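Quick caveat, the model's predicted, so the values are computed rather than measured.
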There are 2 protein chains.
Amino acid sequence: MVTTLAIEVDRSSPIPLYFQVAQVFEKAILDGQLKPGDRFENELALAKRLNLSRPTTRRAIQELVDKGLLVRKRGVGTQVVQTPVHRPVELTSLFDDLARAGQEPTTQVLDYRLGPATDDIAQHLNLPAGSDVVTMRRLRCSSGQPLAVMTNHLPAALAPDRDELETAGLYQSMRSRGVHIRVARQRIGAKAADREEARLLDEKPKAPLLVMERTAFDDSGRIVEFGSHVYRASRYYFETTLVDR
Amino acid sequence: MVTTLAIEVDRSSPIPLYFQVAQVFEKAILDGQLKPGDRFENELALAKRLNLSRPTTRRAIQELVDKGLLVRKRGVGTQVVQTPVHRPVELTSLFDDLARAGQEPTTQVLDYRLGPATDDIAQHLNLPAGSDVVTMRRLRCSSGQPLAVMTNHLPAALAPDRDELETAGLYQSMRSRGVHIRVARQRIGAKAADREEARLLDEKPKAPLLVMERTAFDDSGRIVEFGSHVYRASRYYFETTLVDR
DNA sequence: TAGTGGTCTAGACCACTGT
DNA sequence: CAGTGGTCTAGACCACTAC
């Protein structure tokens, strides 16, 4: 049984056709209109039905395969993956994530310092030794409870003002300064809380913490930020979806 | 300055042309032949030089953008991202990862049980309550040191034999039984070691552990495995690359 | 204005799966 | 065998950036 969905695309819209189509199907899957295990319309038929070329249709479907919502099998067909998804991990900041989830994030800037980089930090940011760098340390709370301590290092020219950081996420602040983050590499591990972290996060010393170290690159491939964040294990985890291609 | 690379494609090979091209460039970047910050050849010129169509050439480049090795900017060009990568996270098992890194992984099967699923496990595997399920618990060591305790649940029909698990990874064993894992959803968090985990991993009770819970889907979208793994924080971390598209 | 990447078309041929 | 997805071509037009 193949469920056919009513789809209209707006050819005058600046939103790409493949994206419009992908969005309609994504919504249908997340809403449950297309159920787990359902056969999906085949590419050729869908292209004909939507009056789109096959490559465009194919790209729309591929978007959803990449997100882990659809699975394709050569010679067989396309099916909806079992189990609804909660939310995919994307390249957004924690602040944005929380705000979208209605958790009222707040940020307290614990430290904000401008000065020449140590050798270690300069190396992480791929800058000449002694370049001006802003180092900041923030406490992120949600729903009134401490959630994470975030330490970040940025080239001075890209760093938002201290005040800005209290009301918006770091990435949002950087975006409004024309810095567009395109790639991020992350390491996720665990550690025991030291005395300082325990105090800030309202945990006991040696409590387990989730650690994320991230290096972020802009659309010119330059490093624009390096940070180390520690999260309370009791209040946070990461979600990722891996797809074999 | 644009570095041009000698590239030859084999049109008679079953390996897709876009993949052959992508591999050559990936190797060149990882080897340092193409250096961070380098301008990359533009799509049209590259297509002409390789006698490939633009879409095929484009797809090769896009592979590397998706891996976080290249960054593109409309109207400007393509550049190599700063900082060499260590290794990307892919849909492989820990066993395969370690074996490739020459760390001589060993596996000890602590427990292997076949029986009707509890309600909780049946729900995680999206099976009818009481279906036959194999539950296993394994200790993974590398270089002679304990690394992780892995608890997995599989539909009985898909589970490898107990003996098989001692010499190969779970995914490898499943693959040889015709099960192809295509999508996996993971949650990564942290917790304190309980007494049992501490004993097995040679850590102290309450030591910080990295936790990964994973649900794996095959090429029909069915759930084929659900597992919860705990890693010693001192010996393991996850690496991911996020790309904004 | 020139050069770049982003999108889109209308086909073609092949590889794989299940009957 | 028919039906499906995977790859590939040779163009086209547009949007954005920098000069």
J.: Does A:Pro16 reach a base, just sugar-phosphate, or nothing at all? Heavy atoms under 4.0 Å.
T.: sugar-phosphate

J.: Charged N to carboxylate O under 4.0 angstrom, A:Arg72 versus A:Glu43?
T.: yes

J.: Only pairs at least two apart or in different chains count here, so list each side chain to side chain donor-acceptor pair (under 3.5 Å) that has a residue in residues 112-128 of chain B.
T.: A:Gln82-B:Asn126, B:Asp111-B:Arg113

J.: Under 3.5 Å, side chain of B:Arg162 to main-chain N/O of B:Val109, donor-acceptor pair present?
T.: yes

J.: Is the side chain of A:Arg58 donor-acceptor paired with the backbone N or O of A:Ser53 at a distance under 3.5 Å, no angle test?
T.: no

J.: When you measure from the side chain of A:Ser13 to the backbone N and O of A:Ile15, does any donor-acceptor pair fall under 3.5 Å?
T.: yes

J.: Identify the 5'-most and 3'-most nucleotides of DNA chain D with at least one atom closer than 4.0 Å to a non-hydrogen atom of chain B.
T.: D:dT7 to D:dT17

J.: Going by atom types only, do B:Thr107 and B:Arg138 share a side-chain donor-acceptor pair under 3.5 Å?
T.: no

J.: Nearest heavy atom decides the nucleotide; on that basis, is A:Ile61 or B:Asn51 closer to the 5' end of DNA chain D?
T.: A:Ile61

J.: On DNA chain C, compare the nucleotides closest to A:Ile15 and B:Leu44; which residue's is nearer the 5' end?
T.: B:Leu44

J.: Among residues 70-79 of chain B, which contact DNA chain D at a heavy-atom distance under 4.0 Å?
T.: B:Arg74, B:Gly75, B:Val76

J.: Counting only N and O atoms by type, is there a donor-acceptor contact under 3.5 Å from the side chain of A:Asp218 to the main-chain atoms of A:Ser220?
T.: yes

J.: Contact class for B:Arg59 (heavy atom, under 4.0 Å): base, sugar-phosphate, or nothing?
T.: sugar-phosphate

J.: Whole Å only: how far is the NE2 atom of B:His180 from the P atom of C:dC16?
T.: 12 Å

J.: Going by atom types only, do A:Glu225 and A:Tyr171 share a side-chain donor-acceptor pair under 3.5 Å?
T.: yes

J.: By the 4.0 Å heavy-atom rule, please label B:Leu17 as base, sugar-phosphate, or nothing.
T.: sugar-phosphate

